[in-house]
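Being a predicted model, the structure only gives us computed values, none of them experimental.
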Amino acid sequence: LFSMRVALFAFVLLCVLPACLCDKSDEIIDVFVVAHSHDDTGWLRTVDSYYEWEVSYILDTVMACLSENPDRKFIEVEMAFFTRWWAEQTEQKKTQVRELVARGQLEFINGGMWHLL
């Protein structure tokens, strides 16, 4: 979650703030924040270490937050991590995730071919 906060802060600082400070005070800009994963497989740590120390907790938290609020949405990109996380889940959790997908709260992108068996 720390890396998501840093990325959001950087986006606001570099993209939104300069647009807001322009001298056209009557100009309105629309800002869209897309909650999505960005877990670089094996970038700073081994794949296993990264999964165990960060990614599994991120996915657990995301699923809990989506379940708590039907207005929230999330896009998962790294199918290698999600597939591993999925294999560790109970049938109850898998049913919950299937419901999130059916409601359009959870989406998979980046060309990963995967379906909820």
Side-chain angles (χ1 to χ4, degrees):
L1 291 177
F2 174 75
S3 62
M4 291 191 324
R5 289 186 192 124
V6 170
L8 181 58
F9 176 75
F11 170 75
V12 170
L13 186 64
L14 299 174
C15 301
V16 176
L17 189 59
C20 293
L21 295 177
C22 68
D23 54 351
K24 296 180 182 179
S25 60
D26 60 340
E27 187 175 331
I28 296 174
I29 63 167
D30 293 322
V31 176
F32 297 91
V33 178
V34 178
H36 69 285
S37 65
H38 183 82
D39 304 313
D40 290 324
T41 317
W43 179 47
L44 295 176
R45 299 182 185 158
T46 66
V47 172
D48 289 339
S49 175
Y50 198 36
Y51 175 80
E52 292 163 6
W53 284 91
E54 295 183 36
V55 176
S56 64
Y57 299 109
I58 291 169
L59 288 171
D60 288 341
T61 303
V62 164
M63 300 311 155
C65 290
L66 292 176
S67 295
E68 290 172 9
N69 186 340
D71 294 328
R72 291 180 176 157
K73 298 183 183 302
F74 187 80
I75 296 172
E76 178 61 31
V77 178
E78 292 77 26
M79 295 313 299
F81 284 132
F82 187 84
T83 301
R84 180 171 175 179
W85 179 85
W86 178 261
E88 298 173 354
Q89 302 311 303
T90 64
E91 282 305 314
Q92 181 179 1
K93 179 65 76 172
K94 289 179 179 183
T95 299
Q96 175 190 11
V97 172
R98 288 183 189 106
E99 291 170 1
L100 294 172
V101 171
R103 288 195 303 258
Q105 287 183 263
L106 179 61
E107 185 177 344
F108 301 97
I109 63 169
N110 202 22
M113 298 294 285
W114 191 81
H115 64 91
L116 303 172
L117 300 173

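- Taken to the nearest 0.5 Å, the CG atom of L59 stands 11.5 Å off from the CD atom of E54.
- Taking all atoms of both residues into account, the shortest heavy-atom contact from R98 to W86 is NH2-CZ2, 3.9 Å.
- Annotation: salt bridge (charged side-chain N to carboxylate O under 4.0 Å, His left out) contacts of D48 (sequence neighbours excluded): R84.
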Side-chain donor-acceptor contacts of residues 100-108 below 3.5 Å, not counting sequence neighbours, with atom names and distances?
from, atom 1, to, atom 2, distance (Å)
R103, NE, Q105, OE1, 2.8
R103, NH2, Q105, OE1, 3.0
Q105, NE2, L66, O, 2.8
Q105, NE2, N69, O, 3.1
Q105, NE2, R72, O, 3.1

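- Atoms CE and CD, from M63 and E76 in turn, are 6.5 Å apart once rounded to the nearest 0.5 Å.
- Partners of E88 according to the side chain to side chain donor-acceptor pair (under 3.5 Å) rule, which considers only residues two or more places apart in sequence or in another chain, are Y51.
- A pairwise comparison of heavy atoms in W85 and Q89 identifies O-NE2, 2.8 Å as the closest pair.
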